[in-house]
Amino acid sequence: MEIFKTKAALKAFLKPLKASGKKIALVPTMGALHNGHISLIKLAQQNADIIICSIFVNPTQFTDPKDLEKYPRPIEHDLAMLADAGCNGVFMPKVEEMYPAGAHEAWHIDLGNAEFLLEGEFRKGHYQGVTQIVKKLFDAVEPDVAMFGQKDFQQVLMIKNMLAYFKLPITIITCPIIREADGLAMSSRNIHLSANDRKNSLVLSRSLQYVVDHFNEYSLSELEDKARLFYHNIDGVELDYFTIANGDTLEPAKSKDENNLVALVAAKVGSTRLIDNMIIK
């Protein structure tokens, strides 16, 4: 497994591979890898010949500087996991490599109204930062396909909107959420959960599963009300939102007959903010 610190070294590695017709996949990450990330690598291997994983904690997508500071960076562990998974190359640039003029580089594109809903309401400017770095990674790798996890459902939609904005010829593959045995969605943030928080965190997947299981029994508003009741009287858990939305627009679903429906939730568990979702149909 090759490790690259600069775009020039990465491009030099990829050039002959592309010339020989190899299909390239990019798996963008911020490190602190878990089995959810490895599932992206495995799915990438089914869709491409050469797998590049990027590890970069992007400063422009953190709305809270403390969050950026405490983001886990277990690099030796990450590299060992990627090598075991059969990843071909890892792109690990410094901030100066991706933002030569500094991380305050101007960037703003039209991502549609969905940018301002749900996570966009709680983390203003977050998706501008996400699409800014993903565009830079796409420019560095020029992949044929890129893998993103369904756990960040809104992020995948924003990246697809960014692709359309720039008319980039890259296929986005969304990979299903990987869960712990008890249902908690795998996340790099889970390491911050205390034992009690970890127990309380199961409310997210349980409330989502309830909506999926009882979808045919109640109206949309009844389902949302019942799901929100899960969060009552749990000390240390604060619900930000629970919604059943149209999966294409993230606007609240108006009818159960819509083709693409997803239930999405965000909650603060202790001092850690978690998100999760389940596709209803």
Side-chain angles (χ1 to χ4, degrees), residues 1 3-7 10 25-44 51-83 85 87 89-99 103-105 107 119-120 122-141 143 146-159 162 170 172-175 177-178 184-193 266 271-277:
M1 186 175 74
I3 296 174
F4 309 98
K5 299 289 180 74
T6 67
K7 290 177 275 189
L10 176 62
L26 171 64
V27 182
T29 81
M30 294 208 303
L33 304 184
H34 49 68
N35 286 336
H37 294 106
I38 299 309
S39 76
L40 303 184
I41 302 288
K42 295 300 182 190
L43 196 53
I51 315 306
I52 302 295
C53 177
S54 63
I55 297 178
F56 183 69
V57 182
N58 176 40
T60 71
Q61 71 191 69
F62 284 84
T63 45
D64 179 354
K66 286 195 195 116
D67 208 13
L68 173 61
E69 203 177 295
K70 74 173 192 176
Y71 196 86
R73 293 167 171 85
I75 197 63
E76 295 306 320
H77 160 271
D78 289 352
L79 292 176
M81 281 189 89
L82 291 173
C87 185
V90 184
F91 182 41
M92 289 172 35
K94 288 194 156 65
V95 172
E96 301 76 48
E97 177 71 9
M98 300 311 284
Y99 296 97
H104 299 298
E105 176 186 310
W107 168 276
E119 287 303 289
F122 285 87
R123 305 166 76 188
K124 290 184 174 28
H126 172 67
Y127 291 117
Q128 291 296 330
V130 169
T131 52
Q132 180 181 29
I133 190 58
V134 172
K135 174 66 162 59
K136 286 174 178 284
L137 292 169
F138 284 170
D139 289 347
V141 178
M147 326 300 290
F148 291 90
Q150 179 201 317
K151 189 176 77 70
D152 291 296
F153 189 93
Q154 188 170 5
Q155 173 175 279
V156 179
L157 182 59
M158 295 296 95
I159 288 163
M162 184 267 282
I170 299 169
I172 301 293
I173 298 176
T174 310
C175 310
I177 295 172
I178 305 297
L184 178 66
M186 289 189 181
S187 168
S188 306
R189 293 171 183 269
N190 292 350
I191 64 162
H192 297 307
L193 298 169
S271 61
T272 306
R273 192 167 179 281
L274 301 176
I275 61 172
D276 199 354
N277 66 81

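Scanning all heavy atoms of the two residues, the minimum distance from F56 to P93 falls at CD1-O, 3.4 Å. Closest heavy-atom contact between T174 and G149: CG2-C, 4.4 Å. What you find for M1 and C87 is that their closest heavy atoms are CG-O, 3.3 Å. Closest approach of P143 and I170 over heavy atoms only: O-CG1, 3.4 Å. The nearest pair of heavy atoms linking I191 to P72 is CD1-CB, 3.6 Å. Taking each heavy atom of T63 and H126 in turn, the nearest pair found is CG2-N, 4.4 Å.
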N/O donor to acceptor pairs below 3.5 angstrom from side-chain atoms of residues 28-36, sequence neighbours left out:
{"from": "T29", "atom 1": "OG1", "to": "G31", "atom 2": "N", "distance (Å)": "3.1"}
{"from": "T29", "atom 1": "OG1", "to": "S54", "atom 2": "O", "distance (Å)": "2.8"}
{"from": "H34", "atom 1": "ND1", "to": "G36", "atom 2": "N", "distance (Å)": "3.0"}

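A salt bridge is defined here as a Lys NZ or Arg NE, NH1 or NH2 lying under 4.0 Å from an Asp or Glu carboxylate O, and R189 with D67 meets this definition.
A 4.5 Å side-chain heavy-atom check between Q150 and N277 finds at least one atom pair inside the cut-off. Using a 4.5 Å heavy-atom threshold, the side chains of D139 and K135 count as touching. Under the 4.5 Å side-chain criterion, counting only non-hydrogen atoms from C-beta, F91 is not in contact with L26. Side-chain contact between M98 and L137 is present, with at least one heavy-atom pair separated by less than 4.5 Å.
With sequence neighbours excluded, no residue forms a side-chain hydrogen bond (donor to acceptor under 3.5 Å, both in side chains) with E97. Residues satisfying the side-chain hydrogen bond (donor to acceptor under 3.5 Å, both in side chains) test with R273, not counting sequence neighbours, are E119, D240. Residues satisfying the side-chain contact (heavy atoms from CB on, under 4.5 Å) criterion with I178, sequence neighbours excluded, are S39, M186. Every residue two or more places apart in sequence or in another chain was checked for a side-chain hydrogen bond (donor to acceptor under 3.5 Å, both in side chains) with D78, and none qualifies. Every side-chain contact (heavy atoms from CB on, under 4.5 Å) that I159 has, sequence neighbours left out, goes to V130, V134, F138, F148, Q155, I172. Judged as a ring pair (Phe, Tyr, Trp, His ring centres under 6.0 Å), and not counting sequence neighbours, the contacts of Y71 are F62. For K7, there are no side-chain hydrogen bond (donor to acceptor under 3.5 Å, both in side chains) partners two or more places apart in sequence or in a different chain. Under the salt bridge (charged side-chain N to carboxylate O under 4.0 Å, His left out) criterion, K136 pairs with E105, not counting sequence neighbours. Partners of A185 by side-chain contact (heavy atoms from CB on, under 4.5 Å), not counting sequence neighbours, listed by chain and number: K151, I177, R179, D276.
Separation of atoms OG (S187) and NE2 (H192) is listed at 8.5 Å; rounding is to 0.5 Å. The OG1 atom of T272 sits 8.5 Å away from atom CG of N190, with the distance rounded to the nearest 0.5 Å. Here the CE atom belonging to M158 is positioned 10.5 Å from the CZ atom belonging to F153, to the nearest 0.5 angstrom. From I3, atom CD1 reaches atom CG of L79 across 4.5 Å, with rounding to the nearest 0.5 Å. Taking CD1 from I55 and CD1 from I75, the interatomic distance works out to 4.0 Å, rounded to the nearest 0.5 Å.
For K70, the NZ atom is densely surrounded, since the number of other residues' heavy atoms within 6.0 Å is greater than 12.
With I51 as reference, V27 is the one residue of V27, L40, V90 to meet the side chain to side chain contact (heavy atoms under 4.5 Å, CB included) rule.
In this structure, K42 contributes its side chain and A85 its backbone to a donor-acceptor pair below 3.5 Å. With hydrogens and angles disregarded, a donor-acceptor distance shorter than 3.5 Å links the side chain of W107 to the backbone of Q128.
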Worksheet item: Between Y127 and Q154, is a side-chain contact (heavy atoms from CB on, under 4.5 Å) present by the stated rule, with each step listed?
Response: CA-CA 9 Å; Y127 291 117; Q154 188 170 5; 3.4 Å; yes
